[in-house]
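This report concerns only the one structure given below.
Order of the sequence lines fixes the chain letters, A, B, ..., with proteins taken first and strands second; residue numbering starts at 1 for each chain.
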Number of protein chains: 2
Amino acid sequence: MQVGTHTHTIDEMLRAMAQQGWRITEQRRSLATLFAESGSYLSPKDVYEYMKVKYPGVSFDTVYRNLRLLSEMGVLEQFHLADGLKFKASCLSHHHHHMICISCEKTVTFEFCPMKLVKDLPESFEIQSHRFEIFGYCSDCKSGISQPSELH
Amino acid sequence: MQVGTHTHTIDEMLRAMAQQGWRITEQRRSLATLFAESGSYLSPKDVYEYMKVKYPGVSFDTVYRNLRLLSEMGVLEQFHLADGLKFKASCLSHHHHHMICISCEKTVTFEFCPMKLVKDLPESFEIQSHRFEIFGYCSDCKSGISQPSELH
DNA sequence: CTAGATGCAAAGACTTTGCATAAGA
DNA sequence: TCTTATGCAAAGTCTTTGCATCTAG
């Protein structure tokens with residue numbers, strides 16, 4: 001579960017799909033619901049397991065197709081955590097960064113952006129984007145109960 | 001080719017292996033040479049292709065095994081770029097960050113570290129590590145000659 | 001010598017593709 | 001309706017494993 005606010009409601013996600021001319025199918029509605037409600041990092045398998053409950057006939061390739069489509073349109077973001085590829089609802093509301101628990105993957109947003117202060121950068125580089133993430137243990141995991149997985 | 005300095009010479013890498021009780025085989029020497037000389041991001045396939053030249057019998061699994069071992073001992077670092085998993089000689093000399101060209105993957109180091117200035121972070125999080133990378137176009141790619149690949 | 005490393009082959013995990021059918025708009 | 005999305009099956013890609021052989025120390 002994410003601590004910041006959920007930046008995408010289900011409706012926002014569905015609206016985004018419709019605007020780009022995509023159909024709102026049962027499966028996609030289900031996908032949007034999952035990501036809007038969970039707010040956490042989900043693997044294709046997680047997503048598949050979840051959707052199978054409501055749509056027993058759902059297939060893995062549909063999950064993959066929709067995850068990729070939603071990523072391409074910016075509704076979801078992809079991450080490579082230590083345990084593989086994961087997806088999360090993107091935070092489009094405003095620019096910010098994340099602290100991620102390396103044990104439970106709980107994510108907390110914060111406003112500080114290093115690009116405002118960065119200096120002495122190599123010249124002649126046309127900056128397009130950046131990544132800044134802080135990894136550590138959240139209060140629940142600090143005690144070391146669960147085996148920390150190695151994020152990079 | 002990397003712009004900063006090569007932080008691992010072949011000897012440093014071999015010494016590190018020996019210190020951890022590993023054997024210096026022909027293939028590992030070859031691997032060390034490749035990463036020390038190239039300084040860039042290499043996929044398992046790149047590595048395999050390179051090693052095959054000198055050791056025609058080399059197998060893919062040996063490449064994978066050694067890449068993983070070298071990563072675990074910190075001689076190499078893993079990255080998930082847009083075109084998949086890549087390895088690079090780690091920069092152990094001192095702490096710094098990278099600017100990476102999203103077209104050619106050329107990498108430039110810089111000294112600024114956001115952790116020195118970060119503030120207003122959420123409480124009760126035990127910080128372990130961080131990532132900070134800037135993506136953009138290097139001077140050679142700025143003109144837009146090559147199709148930019150999408151790093152995340 | 002002898003534990004550790006390699007090469008081969010095979011299996012495994014994950015992801016994508018082709019095509020007929022089903023279902024949004 | 002009629003175009004897009006789905007489910008199925010199959011193939012593809014990337015990575016790991018088991019085991020007999022080889023080799024660095």
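Spacing between atom CD of A/Gln27 and atom P of C/dA23 amounts to 9 Å, rounded to whole angstrom units. One interatomic measurement links the two molecules: OH of A/Tyr48 to C1' of C/dA13, which rounds to 15 Å at whole-angstrom precision. Regarding B/Phe60, its CZ atom lies at a distance of 18 Å from the P atom of C/dA10, rounded to whole Å. We find that CZ of A/Phe87 is positioned 10 Å from C1' of C/dT15, with the value rounded to whole Å. The distance from atom OH of A/Tyr55 to atom P of D/dC8 is 16 Å, rounded to the nearest whole Å. A straight line from CG of A/Leu14 to P of C/dG24 spans 14 Å, rounded to a whole angstrom. The separation between A/Arg29 atom CZ and D/dT6 atom P is 13 Å, rounded to whole Å. Atom pair A/Met17:CE and C/dA25:P shows a separation of 11 Å (rounding to whole Å applied).
Contact annotation: B/Arg28 reaches the phosphate of C/dT6 (side-chain N/O to OP1 or OP2, under 4.0 Å). Close to D/dT6, at under 4.0 Å from its OP1 or OP2, lies a side-chain N or O of A/Thr25.
For the pair A/Glu105 and A/Lys86, the salt-bridge criterion is met [side-chain N within less than 4.0 Å of a carboxylate O]. A salt bridge links A/Glu49 with A/Lys52; the closest basic N to acidic carboxylate O contact falls under 4.0 Å.
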Sequence neighbours excluded and cut-off under 3.5 Å, please list the side-chain donor-acceptor pairs for residues 60-75 of chain A, or say none.
from	atom 1	to	atom 2	distance (Å)
A/Asp61	OD1	A/Ser59	OG	3.1
A/Asp61	OD2	A/Arg65	NH2	2.6
A/Thr62	OG1	A/Ser59	OG	3.1
A/Asn66	OD1	A/Arg28	NE	2.7
A/Asn66	OD1	A/Arg28	NH2	3.1
A/Asn66	ND2	A/Thr62	O	3.3
A/Ser71	OG	A/Leu67	O	2.7

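A residue-by-residue look at A/Trp22 and B/Leu85 shows that A/Trp22 has its nearest nucleotide of DNA chain D further toward the 5' end. Residues B/Ser59 and A/Lys45 both approach DNA chain C. Their nearest nucleotides, taken by heavy-atom distance, put B/Ser59 toward the 5′ side.
Among D/dT6, C/dT15, C/dC8, the nucleotide with an atom closest to any side-chain atom of A/Asn66 is D/dT6. The side chain of B/Arg23 lies closest to C/dA3 when the candidates are D/dT16, C/dG7, C/dA3. For B/Asp61, whose side chain is taken as the heavy atoms from C-beta onward, the closest listed nucleotide among D/dT17, C/dT6, D/dT6 is D/dT17. In the set C/dA25, C/dT15, C/dG7, the nucleotide with an atom closest to the side chain of A/Ile24 is C/dA25.
Counted by atom type alone, A/His130 and B/His97 present zero donor-acceptor pairs between their side chains at under 3.5 Å.
For A/Arg65 and D/dG7, a side-chain-to-base donor-acceptor distance below 3.5 Å is present, hydrogens and geometry of angles not being considered.
In this structure, the side chains of B/Thr107 and B/Met99 stay at 4.5 Å or more apart for every pair of heavy atoms.
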